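Scroll down for the structure; my scribbles are underneath it.
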Amino acid sequence: MCFLPRATGVITIDAEPEPIRVDPARTREGHRPDMADAPPAKVERGAPRKRIGDPGPMGRILIRGEAGHDIVPALYPQDGEPVVDKPGKGAFYATDLHGILQNRDIETLIVCGVTTEVCVHTTVREANDRGYRCIVPGDCCGSYFPEFHEVGLRMIKAQGGIFGWVTDSTRLLTALGDAQ
């Protein structure tokens, strides 16, 4: 796969990779404190006392403004790097991410974060539908379930890369270095 670093963005889903010389953006899933953007069907899922809006060890679960919704301090964005608060699994649904990427002339996305089979996978599919080329460094993604991680990556690269290309961080960093 050929790509230009100046037209490449890193989308980090609910986590953050090592910084590289491309345009980064971070996402985090969370809902408004009044939960007006949290559909009942979504809130009702999950174990009782561990659902969206329930009290957790770092504040209300998946609620914007709570300590548990913030980005890990060691991975906090630098000034000018966008943070996209997403109310769903994908980074494009009900957010301004597409506009941010268009304004920065981004054509290729490096998508990493957690969880591989849910938020990363959904974001890659949404990006593909919008015409972005997607690269997923598998070792920069994670899941609670190793088998889900592997299947999620296989689905992305199936049929010659139906949703995107899967690689590892070593190959990706080498390709970025070679391209500059």
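Computed from a predicted model, the values in this text were never measured in an experiment. Values below: all heavy atoms of this structure, side chains included; hydrogens, waters and symmetry mates excluded. Positions are given from 1, in the same order as the sequence printed here.
In the hydrophobic clustering of this structure, I13 does not group with V151; members are Ile, Leu, Val, Met, Phe, Trp, Tyr whose side-chain heavy atoms approach within less than 4.5 Å, directly or through other members. Linking ILVMFWY side-chain heavy atoms closer than 4.5 Å, directly or via other members, places V118 and V136 in two distinct hydrophobic clusters. By the rule that hydrophobic residues join a cluster once side-chain heavy atoms approach within less than 4.5 Å of another member, L153 and M155 end up as members of separate clusters.
Judged as a salt bridge (Lys or Arg N to Asp or Glu O under 4.0 Å), not a single pair has a partner in residues 137-146 (not counting sequence neighbours). Listed by first and then second residue, the side chain to side chain donor-acceptor pair (under 3.5 Å) pairs involving residues 37-57 are E29-K42, H31-D37, H31-K42 (not counting sequence neighbours). Note on residues 145-154: pairs passing side chain to side chain donor-acceptor pair (under 3.5 Å), not counting sequence neighbours, are T116-H149. Residue pairs that meet the salt bridge (Lys or Arg N to Asp or Glu O under 4.0 Å) test with at least one member in residues 93-112, sequence neighbours left out, are D23-R104, E107-R133.
Remark: D70 engages R28, Y76 in a side-chain contact (heavy atoms from CB on, under 4.5 Å) (not counting sequence neighbours). Under the side-chain contact (heavy atoms from CB on, under 4.5 Å) criterion, P77 pairs with R26, I71, E81, V83, not counting sequence neighbours. Legend: residues meeting side-chain contact (heavy atoms from CB on, under 4.5 Å) with A36, ordered by chain and number and at least two apart, are R32, D34. Legend: residues meeting side-chain hydrogen bond (donor to acceptor under 3.5 Å, both in side chains) with H121, ordered by chain and number and at least two apart, are R125. T122 is linked by a side-chain hydrogen bond (donor to acceptor under 3.5 Å, both in side chains) to nothing, counting only residues two or more places apart in sequence or in another chain. The ring pair (Phe, Tyr, Trp, His ring centres under 6.0 Å) search around F92 returns Y132, not counting sequence neighbours.
In this structure the side chain of E126 reaches within 4.5 angstrom of the side chain of Y93, judged on heavy atoms. Inter-residue side-chain proximity for L109 and L101 is flagged as met; some heavy-atom pair is nearer than 4.5 Å. A heavy-atom distance below 4.5 Å is found between the side chains of T95 and P87. Counting heavy atoms from C-beta outward, T115 and V120 have side chains that stay 4.5 Å or more apart.
Of all the heavy atoms in C119 and V114, the pair that sits closest is CB-O, 3.6 Å. Pairing each heavy atom of T12 with each of V10, the nearest pair is OG1-CG1, 3.7 Å. When all heavy atoms are compared, the tightest approach of P137 to L172 is CG-CD2, 4.0 Å. Taking both residues in full, the closest heavy atoms of T167 and R171 are given as OG1-CB, 3.4 Å, listed atom of the first, atom of the second, then distance. Pairing each heavy atom of S143 with each of E117, the nearest pair is OG-OE1, 2.8 Å. Among all heavy-atom pairs drawn from I162 and N128, the shortest one is O-ND2, 3.4 Å.
Atoms CD1 and CD1, from I156 and I135 in turn, are 12.0 Å apart once rounded to the nearest 0.5 Å. The OG1 atom of T8 lies 6.5 Å from the CD1 atom of I106; values are rounded to the nearest 0.5 Å.
With hydrogens and angles ignored, the 3.5 Å screen pairs a side-chain donor or acceptor of E66 with a backbone N or O of R60.
Cluster partners of F148, by chain and number: Y144, F145. The rule joins Ile, Leu, Val, Met, Phe, Trp and Tyr whenever side-chain heavy atoms lie under 4.5 Å apart. Grouping Ile, Leu, Val, Met, Phe, Trp and Tyr by side-chain contacts under 4.5 Å, direct or through others, puts I52 with M35, V43, I61, L62, I63.
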